[in-house]
Amino acid sequence: MDMISDEGAFRLPRPANAPRKIKMGVQGHFTGSLVVGDDEGYEIEFESHTERNVALVTLARPNVAALESQVPFKWINPAGAPSTHFFDFRVLYSDGTRAVLIVKNGRKAAQAGFRAEMAHLASQVTSDLADRVSLVTEKHIDPVELYNAELIHSVRRPDPEPDAAVLHVIAKLAGAARIGDIVHAAGFSGRGFRAVVRLIRKQELELVSHERIGRGSFVRRRSV
């Protein structure tokens, strides 16, 4: 992700283009945005810490092709009135299926009235919007997956020299190897480690075990 243009100017990410704009800086609310994607990237806004974590974890999964935020849907609410609901996210998977996500904290999601209202909403969702509706809370977030997603997001910008060196090393890789050994063979120390993480992000490498990414982790070439 090169943030500098050929003319040497700093390139800003594309702004969030969600139909509903999130009001930033509201007291008592965790709001913000993430810059995701390749090239200059684009913004995804969130209005809770759980939404931020769900976005990071979702984007890091190998079967996810894209993520949209604040997706509008017209429905008939339980009172029988026309209304518009904004799903927090819509996930496009690599197989072409889509899911819309309702992200709430666990206490709210456990309330019978809320669950009944969301079930009524989900019953009206048709395939032109999504193939399924999922209710997600902080309890659904795997701490290991979140740690790795945050690391993957933090190193997304390319670094040509160590990236090329690590690619050269793994071109000869048969079976699994320890990340630290790949870094040692490629050189560049911390920059080499970040280059390996970028290859996990690009799905050229995958972890052998479900664990936090570290120098002691084993990786292998990802089979297509």
Side-chain angles (χ1 to χ4, degrees), residues 16-37 42-79 83-127 129-154 156 200-201 207 209-213:
N17 60 358
R20 172 178 173 260
K21 297 300 181 183
I22 292 173
K23 187 175 181 180
M24 299 295 173
V26 178
Q27 187 173 5
H29 288 267
F30 186 97
T31 59
S33 64
L34 293 167
V35 177
V36 302
Y42 63 96
E43 285 185 281
I44 286 183
E45 296 179 337
F46 53 82
E47 53 186 341
S48 74
H49 190 251
T50 302
E51 282 186 27
R52 176 254 189 199
N53 291 347
V54 168
L56 284 172
V57 166
T58 301
L59 285 164
R61 290 175 175 167
N63 65 334
V64 170
L67 184 69
E68 301 171 79
S69 63
Q70 299 302 316
V71 179
F73 175 64
K74 295 188 181 301
W75 67 304
I76 305 299
N77 66 28
S83 186
T84 300
H85 177 86
F86 287 88
F87 286 100
D88 297 300
F89 299 110
R90 177 164 57 183
V91 187
L92 172 63
Y93 294 96
S94 303
D95 63 3
T97 60
R98 296 176 299 171
V100 284
L101 308 183
I102 303 165
V103 181
K104 291 295 177 188
N105 67 64
R107 292 189 303 275
K108 177 72 173 180
Q111 294 174 5
F114 174 78
R115 296 186 72 88
E117 182 179 355
M118 292 302 98
H120 183 65
L121 168 68
S123 70
Q124 298 177 50
V125 170
T126 55
S127 60
L129 180 77
D131 300 288
R132 64 183 181 275
V133 180
S134 296
L135 176 59
V136 184
T137 77
E138 71 280 2
K139 297 177 182 179
H140 295 107
I141 298 174
D142 178 350
V144 170
E145 194 176 12
L146 176 59
Y147 176 91
N148 290 344
E150 290 176 326
L151 177 60
I152 287 169
H153 181 73
S154 72
R156 65 192 185 282
I200 296 173
R201 175 180 181 264
L207 290 167
S209 301
H210 180 66
E211 61 179 331
R212 290 188 173 196
I213 299 171

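Considering every non-hydrogen atom in both Ala55 and Leu34, the closest pair reads CB-CD1, 4.0 Å. Residues Val64 and Ser94 share a closest heavy-atom pair of N-OG, 4.0 Å. Smallest separation of non-hydrogen atoms from Asp88 and Val103: OD2-N, 2.7 Å. Here the shortest heavy-atom pairing between Asn148 and Ile213 reads OD1-N, 2.8 Å. When all heavy atoms of Glu211 and Leu207 are compared, the closest pair comes out as O-CD1, 3.6 Å. Of all non-hydrogen atoms in Pro72 and Thr84, the two that sit nearest each other are CB-CG2, 4.2 Å.
Using a 4.5 Å heavy-atom threshold, the side chains of Val91 and Arg61 count as separate. Contact check for Leu135 versus Phe114: side-chain heavy atoms found under the 4.5 Å cut-off. Looking at Leu59 and His153, their side chains never come closer than 4.5 Å, going by heavy atoms from C-beta outward. Contact check for Tyr93 versus Asp131: no side-chain heavy atoms found under the 4.5 Å cut-off. Residues Arg156 and Arg201 meet the side-chain proximity criterion, which asks for heavy atoms closer than 4.5 Å. Two residues are said to be in side-chain contact when any heavy atoms from C-beta on lie closer than 4.5 Å; Phe89 and Val54 meet this criterion. Proximity of Ile102 to Leu121: side-chain heavy atoms (C-beta onward) are separated by under 4.5 Å at one or more points. Contact check for Glu117 versus Gln111: no side-chain heavy atoms found under the 4.5 Å cut-off.
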| field | Thr97/Arg132 under side chain to side chain contact (heavy atoms under 4.5 Å, CB included): CA gap, chis, key distance, verdict | value | CA-CA 9 Å; Thr97 60; Arg132 64 183 181 275; 4.3 Å; yes
| Do Leu67 and Val36 pass the side chain to side chain contact (heavy atoms under 4.5 Å, CB included) test, and can you show the C-alpha distance, the side-chain angles, and the key distance before you say yes or no? | CA-CA 9 Å; Leu67 184 69; Val36 302; over 6 Å; no
| task | Start with the C-alpha distance between Gln70 and Glu47, add both sets of side-chain angles, then the distance that settles side chain to side chain contact (heavy atoms under 4.5 Å, CB included), and finish with yes or no. | result | CA-CA 10 Å; Gln70 299 302 316; Glu47 53 186 341; 4.1 Å; yes
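One N or O on the side chain of Ser123 and one on the backbone of His120 form a donor-acceptor pair closer than 3.5 Å. A donor-acceptor contact shorter than 3.5 Å is absent between the side chain of Ser33 and the backbone of Glu45. Side-chain atoms of Arg98 come within 3.5 Å of backbone N or O of Ser127 as a donor-acceptor pair.
Between His85 and Trp75, the two ring planes are perpendicular [angle over 60°; tilted spans 30° to 60°].
Under 4.0 Å is where a charged nitrogen must lie from a carboxylate oxygen, and between Arg107 and Glu138 no such pair does.
To the nearest 0.5 Å, the span separating CD1 on Ile152 from CD on Glu145 amounts to 9.0 Å. A distance of 12.0 Å separates CG of Asp142 from CG of Asn53, quoted to the nearest 0.5 Å. Here NZ of Lys108 is found 14.5 Å from OG1 of Thr50. Values are rounded to the nearest 0.5 Å.
For Arg212, there are no salt bridge (charged side-chain N to carboxylate O under 4.0 Å, His left out) partners at least two apart in sequence or on another chain.
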